[in-house]
Colleague: 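One structure is given below, represented as structure tokens, and several questions about it will come after.
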Amino acid sequence: MKKRNFEVVWNRGHSLIGCHQVTSLTIALMTFIKFKFYNLLTLVLLLVITSCGSSKPPLRAKLVNETPTSTVFSPDGKWVAAGVWGGVRVWNVDSEEAKDYKTKLRNETPKYVTFSPDGKRIAAGSWGAVRVWDLKSAELKDYPVGMINETPTHVFFSPDGTWMATGIFGAVRTWDLATGAHRDYPMKMINETPQMIAISADGKTIATGVFGGVMKWEFKGFDN
């Protein structure tokens with residue numbers, strides 16, 4: 001009886017010792033793995049933070065996770081503008097201070113931004129129109145397109161800055177900036193919307209790519 005009890009106790013003790021050894025080894029191994037994982041994770045995070053900090057853009061966008069569109073310098077190089085969420089942001093190149101010019105819709109981002117030749121105005125396509133802002137006063141004026149739900153992608157000022165052009169559904173539309181009067185130059189196909197428009201240096205000819213080639217028109221001005 002005593003011998004049997006001793007064997008039982010010894011066997012139980014051996015089992016307990018074995019379990020303890022296995023458990024200790026497992027905990028030690030897991031701790032080592034966690035230690036290595038956390039070290040690796042910390043190293044990666046440090047590299048990311050360091051990388052982000054070293055390449056942090058000095059001219060900040062409106063939203064943290066957005067990429068501005070159509071970056072362009074003013075003719076005198078003092079300003080740089082880009083499309084951001086809900087408007088056009090213009091930065092002073094030297095001071096890096098920014099000023100926003102709002103679009104018609106708060107959730108739209110202009111695809112293309114351009115300065116007037118004298119650098120006093122900026123323009124971009126906005127919902128149903130081309131919107132032009134005075135750079136200094138931020139006063140704006142909308143020049144409507146043919147369809148209320150279309151947004152022009154590219155805007156082009158004439159060399160003398162008195163009129164501008166954009167592509168609309170089925171035509172190139174030009175506006176007199178002073179009066180708002182417009183004139184359309186029809187495309188070859190009624191459902192074409194021109195993207196890039198060229199204006200000759202003397203402002204007398206307009207051209208754009210169309211199905212099968214390039215179309216050009218003599219600029220005819222605006223009716224009074």
Side-chain angles (χ1 to χ4, degrees), residues 44-45 47-158 161 163-175 177 180 182 192-199 208:
V44 171
L45 289 175
L47 289 173
V48 171
I49 293 171
T50 304
S51 175
C52 291
S54 62
S55 59
K56 181 179 177 181
L59 307 180
R60 304 298 298 274
K62 189 174 182 178
L63 302 179
V64 175
N65 62 339
E66 73 172 332
T67 302
T69 63
S70 180
T71 306
V72 60
F73 280 97
S74 61
D76 60 7
K78 294 181 179 180
W79 308 92
V80 61
V84 297
W85 191 82
V88 173
R89 176 161 286 193
V90 180
W91 295 267
N92 183 297
V93 174
D94 294 328
S95 68
E96 299 180 357
E97 294 180 353
K99 184 175 182 179
D100 290 341
Y101 299 81
K102 296 180 180 180
T103 51
K104 292 178 72 176
L105 301 180
R106 62 177 298 179
N107 63 338
E108 64 178 334
T109 300
K111 295 181 180 179
Y112 183 85
V113 181
T114 185
F115 281 92
S116 61
D118 60 7
K120 295 181 179 180
R121 289 174 288 191
I122 50 174
S126 193
W127 175 262
V130 170
R131 176 161 284 193
V132 179
W133 299 265
D134 181 273
L135 193 63
K136 188 175 182 180
S137 66
E139 292 182 359
L140 60 89
K141 185 175 181 178
D142 289 334
Y143 298 82
V145 296
M147 301 176 68
I148 192 171
N149 64 338
E150 73 173 328
T151 301
T153 53
H154 295 79
V155 183
F156 304 89
F157 282 99
S158 63
W163 57 276
M164 64 178 178
T166 191
I168 64 172
F169 183 79
V172 170
R173 175 162 289 191
T174 60
W175 290 271
L177 290 170
H182 72 269
E192 283 187 295
T193 300
Q195 300 296 317
M196 303 302 293
I197 298 167
I199 302 173
T208 188

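Computed from a predicted structure; not experimentally measured.
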Colleague: In Å, rounded to the nearest 0.5 Å, how long is the span from CG of L177 to OH of Y143?
Modeller: 4.5 Å
Colleague: Ignoring hydrogens, what is the shortest heavy-atom contact between G83 and V113? Give both atom names and the distance.
Modeller: N-CG2, 3.7 Å
Colleague: Taking side chain to side chain contact (heavy atoms under 4.5 Å, CB included) as the definition, give me every residue that meets it alongside F169, ordered by chain and number, with sequence neighbours left out.
Modeller: M147, E150, N191, T193
Colleague: When you measure from the side chain of S126 to the backbone of K104, do you find a donor-acceptor pair of N or O atoms at a distance under 3.5 Å?
Modeller: yes
Colleague: Looking only at non-hydrogen atoms, find the nearest pair between V172 and P194 and report the distance.
Modeller: CG2-CG, 3.7 Å
Colleague: Could you give the distance from CD (E139) to CZ (R121), rounded to the nearest 0.5 Å?
Modeller: 12.0 Å
Colleague: Heavy atoms only: give me the nearest V155-A124 pair and the separation to one decimal.
Modeller: CG2-C, 4.1 Å
Colleague: What distance separates W91 CH2 from T71 OG1, expressed to the nearest 0.5 Å?
Modeller: 6.5 Å
Colleague: Who passes side-chain hydrogen bond (donor to acceptor under 3.5 Å, both in side chains) against S70, sequence neighbours left out?
Modeller: none
Colleague: Using side-chain contact (heavy atoms from CB on, under 4.5 Å), reason through D100 and R89 one step at a time and then give a plain yes or no.
Modeller: CA-CA 4 Å; D100 290 341; R89 176 161 286 193; 2.6 Å; yes
Colleague: For residues D76 and K78, report the shortest heavy-atom separation together with the two atoms involved.
Modeller: OD1-N, 3.0 Å
Colleague: Strictly distance-based, threshold 3.5 Å: is any side-chain N or O of S158 a donor or acceptor partner for the main-chain N or O of W163?
Modeller: yes
Colleague: Closer than 3.5 angstrom, by distance alone: can the side chain of R131 be matched with the main-chain N or O of Y101 as a donor-acceptor pair?
Modeller: no
Colleague: Does W133 use its side chain to pair, donor to acceptor, with the backbone of K102 at less than 3.5 Å?
Modeller: yes
Colleague: First locate atom NZ of K120, then atom CD1 of I122, and finally report the distance between them rounded to the nearest 0.5 Å.
Modeller: 15.0 Å
Colleague: Within the side chain of K111, is there an N or O that forms a donor-acceptor pair under 3.5 Å with the backbone of T153?
Modeller: no
Colleague: Check F115 against V72 and note the closest heavy-atom contact, atom names and distance.
Modeller: CE1-O, 3.6 Å
Colleague: For D118, enumerate each residue passing the salt bridge (charged side-chain N to carboxylate O under 4.0 Å, His left out) test, keeping only those at least two apart in sequence or located in another chain.
Modeller: none
Colleague: Keeping T166 on the side-chain end and H154 on the backbone end, is there a donor-acceptor pair under 3.5 Å?
Modeller: yes
Colleague: Would you compute the distance between atom NE2 of H182 and atom CE of M164 and round it to the nearest 0.5 angstrom?
Modeller: 12.0 Å
Colleague: Hey, is the main chain of M196 close enough, under 3.5 Å, to the side chain of T208 for a donor-acceptor pair?
Modeller: yes
Colleague: Look at the side chain of N92 and the backbone N and O of D94, then say whether any donor-acceptor pair between them is shorter than 3.5 Å.
Modeller: yes
Colleague: Output yes when a side-chain donor or acceptor of T174 lies under 3.5 Å from a complementary backbone atom of A165, and no otherwise.
Modeller: no
Colleague: Any side-chain to backbone donor/acceptor pair from E108 onto W127? Under 3.5 Å, distance only.
Modeller: yes
Colleague: If you look at every heavy atom in V145 and P152, which pair is closest and at what distance?
Modeller: CG1-CG, 3.4 Å
